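Below: one structure, written as structure tokens.
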Amino acid sequence: MSSSTQNIDAPHSPQYILPYFDQLPTELISKIFMIYASDIDQMGSRSLLNLGAVCRRWREIAWSMPDIWSKVFISIVMGGRRGVLPEVFWDLIDEWLDRAQERPLDICARFQCSEDEDTVDLELHHGKRLVDILNQRSQQWSYLDLALPNALIPRLGSPACASSQLHTLKILGDDDLRSSVTTSLTQHTPRIVEISGVDLDPISINWTSVVDVNLPFSSRLDHVLELLLIAPQIISCNFSAIGSRFGGASAAQSPVIHHAIEELFVTFSDQGSEAVFMNVATFPNLKRLSIGAEIDLNPRRLRTFLARSACVLTSLSFTETNYCDNLALEHFVPLLFDLYALERLYITNMWPIRTNFLDAFRIALTAHLDGFGGSGLGLHGISTSQLIRGRPILPSLRVFSWEGMAPFPWEIIPLFFVPLDTWHVNYCRPVQSISIRCQESAYRMENLRFIPRDILLRLAQAANQVDFDFVQQLDGQSYDCTSEQREVGRRPINPAAGASFHSLPVEVVAMAFKHYIDCARSFSKPHPSLTLGKICRRWRQIAWSTPHLWTELVIFHRHAMTPTHAELAREWLGRSSVHPLMIEFSNLCEEDEECEWEGVMSGCSQMLEALSECSDRWQSLTLIVPSYSLKTLTLLRPSPLLTHLSLDGRWDEDNPAFDFLPDSAIIPTFLNCTPKIVKIAYLKVDLNWTSVTDLTLDFVDIAEVLRVFRSASNLIKCTLLGVCNCGSDISALMEGGLIRCQSLESLAISFSDDGSPHIFCSSISLPALKHLSYDGQGIPLYVEDLELFLTQSSCVLKSLLINESEFEDGSLVDLAPFFSSLTELRILGGHYDSSGNDSDSLYQLLADPSQLSSNNALLSSTTLPYLPNLETFDWEGNMPYPWKTLPGLLKAAVPDAIPHRRPLKYVKIKCNVDEIPYIPKDILQQLLDFSDVKFELTTERNFKKIDAAPYVPQTAVRFFFRRHRLGLHIPPATTDATDTHLEERRKIQGLLLLNEALLPT
């Protein structure tokens, strides 16, 4: 055995005691901390302060690393009169920034005042304190992102700042644009500037080094023009909603020529600002232009602007609805002939109907070819002589994108690939991508227009060179618009593949449809069977004639309100031919729906009548309808195929028609049905119970349970939820004596009152029971009832789920003698009892029976140890687990005998507590001996991060969810241990030391 293995296996060696992580060099730990710091997000629960809470060495290393403290996020949301921030809060910010030393700072700060006018002055005082702290380190600013009230923005900047490292400056105001604001930031020379929500005077910033400027909200025309004059290095700029309503246009008379701008995104809020900007601005180096407005634009101004700039534009984005009238078209379409170098064209349409632009654009695409042009008038008054310029339109186009709410004229797409010269048929536009997005609108609900087959085949010739992305949205779903291919999602289409699919035999297509329906089923979208009928006539014919596609029908309340809905259900079921049916009908009103009782009953009755017409083919039936509807339902045909029946009588608990009462009548509708799986809630139903093998009853009277158990002789699995004693007379049911269900193997039962457990346990015997879940839903339970039940059942129980908090403390030990055959034990609801250790009695008994059995006659007469065959132990409670009993759970002490090793394979313990219940080191050491057991030991806690004193009152309070894993699978420590096993054991030994280091001192 190697020396390293000997050291690891020696429990008292120094090598074993030294924490594995602490052996790492400080430099390597620092790199790990850097990775941890880089992954911290602003709103997450992780913080650099967590590093200092682990141990002294971690704190020393983290506190000495200025790089990880150079990024800070501060969020302060004031909350009225109690929003007083203590001095320690500002000390914490100062200390954080001090740890960054002289490193460049990335600062993101948010300060928000409340709406209380009486406290605004006090709140602004805190905001000034924050700004002053940031100003003290203005020389270190590298990235500054601030959201402040406009009243605090003038305070930004420090005259004492001699040098600047600022690269990015972002300022967000409170959207008060009534007056202009000035700051003292002229000492800084940022490269990227973004200003919104505040009317900031351009002279407040030194623009000499700015290359990217973004004014995303309500830009003043005079400020924009002034900015262009004093910012000579700008390459990219975004001016949104330029208008003159907040300021004059005195600078409008002076031409503005900017030689550096390459990218311009501009929108206008009024025609006056558009006229001034387009008349005075000149950008000779402009390459990418995006233009829009809230009003109609004049294309002659745009054409004049581009001609004056003499720029080589490569990308243009515009909204066609801004240039929709005939006068605009007469100038805008010819404008595109001037853009010989344009490579990317992006068009949007915000109207739900088509404009004239695309029709004119279609003519322009082929106007240069013989047979397409000529003299006379073109479309909508555009002279074709204006379109023919001796060269084709957009000869360099590579990317075309159109997005809008109107149907798209697909016949335009092939025209992008026509020759550019009548003498050279292979000389075409170098198109690489065409994207069409038809958004959903009420106008288009019945006008989903797919690509005709002839156009699709023409596009197939370019499918290998061009990326086609054609999508239409309808009914909340996206469709590829090929007439032969249907895909869900937003994928590029391959037209050639559509033609191939069209050639498949009907049988193969039907198989593909069935597979699609199985994969695309969704309750929030239209049924995929209906979707198939929207693609083309052939798909509709195949889908409508394939019965397997119509054997499942799901109906919600909104689909069962009129006679038309019932007729549609009949048509759907008729397409299924003679195949077995799976039907789900829920008439339960959603929270956002307004339901009237008369309308519900009328629509429900009509739909149930339609469904009952094919009751002879029901295989699975789920009905969530008012109980009255089921009482009046008549089955026209028997249901020999029915195997799954689910009935729920809920509709609206607040409605008078919700009448589940102890004396309510039993529904005889399904008396002759023989289902095997039955789920019933809020109803009393008569069935042929002898066929039922799997039963679930929800909100059920104990008398109903006894009636069913008396008849259900073949029941194997049963779930009873909310069993209650409604006062029904059970004397007649008990005349035959104890009720025995000879085949029931699995029972999960919960009670909703304190009278029903005793009645059930004293009336039922389950000799074949193997799996039991016994719950009181918060009501007190008594061990005596369960003892009686287990005694008269004489069952060989294999698994048990029980809630110990519902039993008297310490009483569960009386059940131990009944669990000799138990292989799985799950215990829930442990609660902390500060008065004594009675709640730990069961665990002490399992660890060392001699401590308790001598005081209990029943325990003393039982063969030790208890639960000898236990393989799985699962515990979850709101208290620390008694860790000292854990080794005894695995290897129980036996008086005057060798300790018994239980065959445990899996131990799971979860503590939901406020304080982490650390496992004592000696207990962890003992667990190392159980190499074949998988341990999952966890603790979870929910807490509010607030101050013990008034720290940050009524500021942003966040809730965190923390989970700590305290255990791992422990591999065996053998002489021939592999390297993997050695590594795992090192982790376990490191866990021991880490657990010890975290223990409170």
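Bear in mind the structure is a predicted one, so any value in this text is a computation, not a measurement.
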Check the orientation of Trp618 and Phe670. Use parallel for under 30°, tilted for 30 to 60°, and perpendicular for over 60°.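 Rings of Trp618 and Phe670: tilted, 30 to 60°.
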
Ring-plane angle category for Trp875 and Tyr843, please: parallel below 30°, perpendicular beyond 60°, tilted otherwise.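 Taking Tyr843 first and then Trp875, their aromatic rings stand perpendicular (interplane angle over 60°).
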
Under the salt bridge (Lys or Arg N to Asp or Glu O under 4.0 Å) test, which residues partner Arg707, sequence neighbours left out?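 For Arg707, the residues satisfying salt bridge (Lys or Arg N to Asp or Glu O under 4.0 Å) (neighbours in sequence not counted) are Asp686, Glu704.
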
Quick one: list whatever passes salt bridge (Lys or Arg N to Asp or Glu O under 4.0 Å) with Asp874, sequence neighbours left out.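 Partners of Asp874 under the salt bridge (Lys or Arg N to Asp or Glu O under 4.0 Å) test: Arg826.
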
Between [X] (side chain) and [Y] (backbone), is there a donor-acceptor pair under 3.5 Å?
X      : Y      : answer
Thr885 : Ala847 : no
Asp753 : Asn725 : yes
Thr643 : Gln619 : yes
Ser711 : Val708 : no
Glu804 : Ser811 : no
Ser743 : Ser713 : yes
Ser639 : Cys673 : no
Ser793 : Leu790 : no

Quick check: closest heavy atoms across [X] and [Y], and the distance to 0.1 Å?
X      : Y      : result
Ile555 : Ala569 : CD1-CB, 4.5 Å
Asn869 : Ser820 : ND2-O, 2.9 Å
Arg710 : Gly737 : NH2-O, 3.0 Å
Cys724 : Asp701 : O-OD1, 3.1 Å
Pro767 : Cys741 : CD-O, 3.6 Å
Pro580 : Thr551 : O-CB, 3.6 Å

Set of side chain to side chain donor-acceptor pair (under 3.5 Å) partners for [X], sequence neighbours left out:
X      : result
Gln777 : Ser750
Ser799 : His771
Arg902 : none
Thr690 : Asn688

Could you check whether atom NE2 of His900 has more than 12 heavy atoms from other residues, nucleotides or ligands sitting under 6.0 Å from it?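 Check passes, neighbour count above 12.
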
With a 6.0 Å cut-off (strictly less than), is the heavy-atom count around CE of Met582, excluding the residue itself, greater than 12?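 Result for CE/Met582: open.
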
Are any non-hydrogen side-chain atoms of [X] and [Y] less than 4.5 angstrom apart?
X      : Y      : answer
Thr938 : Ile909 : no
Thr719 : Leu697 : no
Thr622 : Phe585 : no
Val907 : Leu927 : no
Leu706 : Ile764 : yes
Ile779 : Ser752 : no
Leu772 : Leu766 : no
Phe709 : Leu744 : yes

Of the options Cys604, Ser605, Ser586, which is the one that meets Val625 in a side chain to side chain contact (heavy atoms under 4.5 Å, CB included)?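 Among Cys604, Ser605, Ser586, the one that satisfies the side chain to side chain contact (heavy atoms under 4.5 Å, CB included) with Val625 is Cys604.
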
Between Phe760 and Leu720, is a side chain to side chain contact (heavy atoms under 4.5 Å, CB included) present by the stated rule, with each step listed? CA-CA 11 Å; Phe760 179 87; Leu720 305 174; 4.1 Å; yes

Contacts under 3.5 angstrom, residues 674-681 side chains, donor-acceptor by atom type, not counting sequence neighbours:
none

Could you tell me which residues satisfy side-chain contact (heavy atoms from CB on, under 4.5 Å) with Pro903, sequence neighbours excluded, listed by chain and number?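 Counting only residues at least two positions away or on another chain, Pro903 forms a side-chain contact (heavy atoms from CB on, under 4.5 Å) with Glu871.
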
What pairs with Thr791 under side-chain contact (heavy atoms from CB on, under 4.5 Å), at least two apart in sequence or on another chain?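 If we apply the side-chain contact (heavy atoms from CB on, under 4.5 Å) test to Thr791, skipping adjacent residues, the hits are Phe818.
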
Pair Tyr782-Glu787, side-chain donor/acceptor within less than 3.5 Å: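 Glu787 and Tyr782 do not have a side-chain donor-acceptor pair below 3.5 Å.
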
Starting from the C-alpha separation in whole Å, work towards a yes-or-no answer on side chain to side chain contact (heavy atoms under 4.5 Å, CB included) for Glu806 and Asp775. CA-CA 8 Å; Glu806 296 168 348; Asp775 183 26; 2.9 Å; yes

Separation of [Y] [atom2] from [X] [atom1] (nearest 0.5 Å):
X      : Y      : atom1 : atom2 : answer
Glu824 : Leu801 : CD    : CG    : 9.0 Å
Leu812 : Leu781 : CG    : CG    : 10.0 Å
Ser763 : Leu738 : OG    : CG    : 7.5 Å
Ile667 : Leu633 : CD1   : CG    : 9.5 Å
Glu784 : Leu815 : CD    : CG    : 9.0 Å
Leu721 : Asp698 : CG    : CG    : 5.0 Å

Where do Leu623 and Leu630 land on the side chain to side chain contact (heavy atoms under 4.5 Å, CB included) test, with the steps shown first? CA-CA 9 Å; Leu623 300 177; Leu630 291 176; 3.8 Å; yes

Step by step, would you call Leu800 with Phe819 a side chain to side chain contact (heavy atoms under 4.5 Å, CB included)? CA-CA 9 Å; Leu800 174 66; Phe819 299 156; 3.2 Å; yes

Under the salt bridge (charged side-chain N to carboxylate O under 4.0 Å, His left out) rule, what pairs show up with a residue in residues 725-745, not counting sequence neighbours?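 Found none.
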
Holding to ring-ring contact (aromatic ring centres under 6.0 Å, His included), I want the full list of residues that pass it with Tyr774, two or more places apart in sequence or in another chain.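 Tyr774 satisfies ring-ring contact (aromatic ring centres under 6.0 Å, His included) with Phe751 only.
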
Residues that Trp689 engages under ring-ring contact (aromatic ring centres under 6.0 Å, His included), provided they are two or more places apart: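 For Trp689 there are no ring-ring contact (aromatic ring centres under 6.0 Å, His included) partners, ignoring immediate neighbours.
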
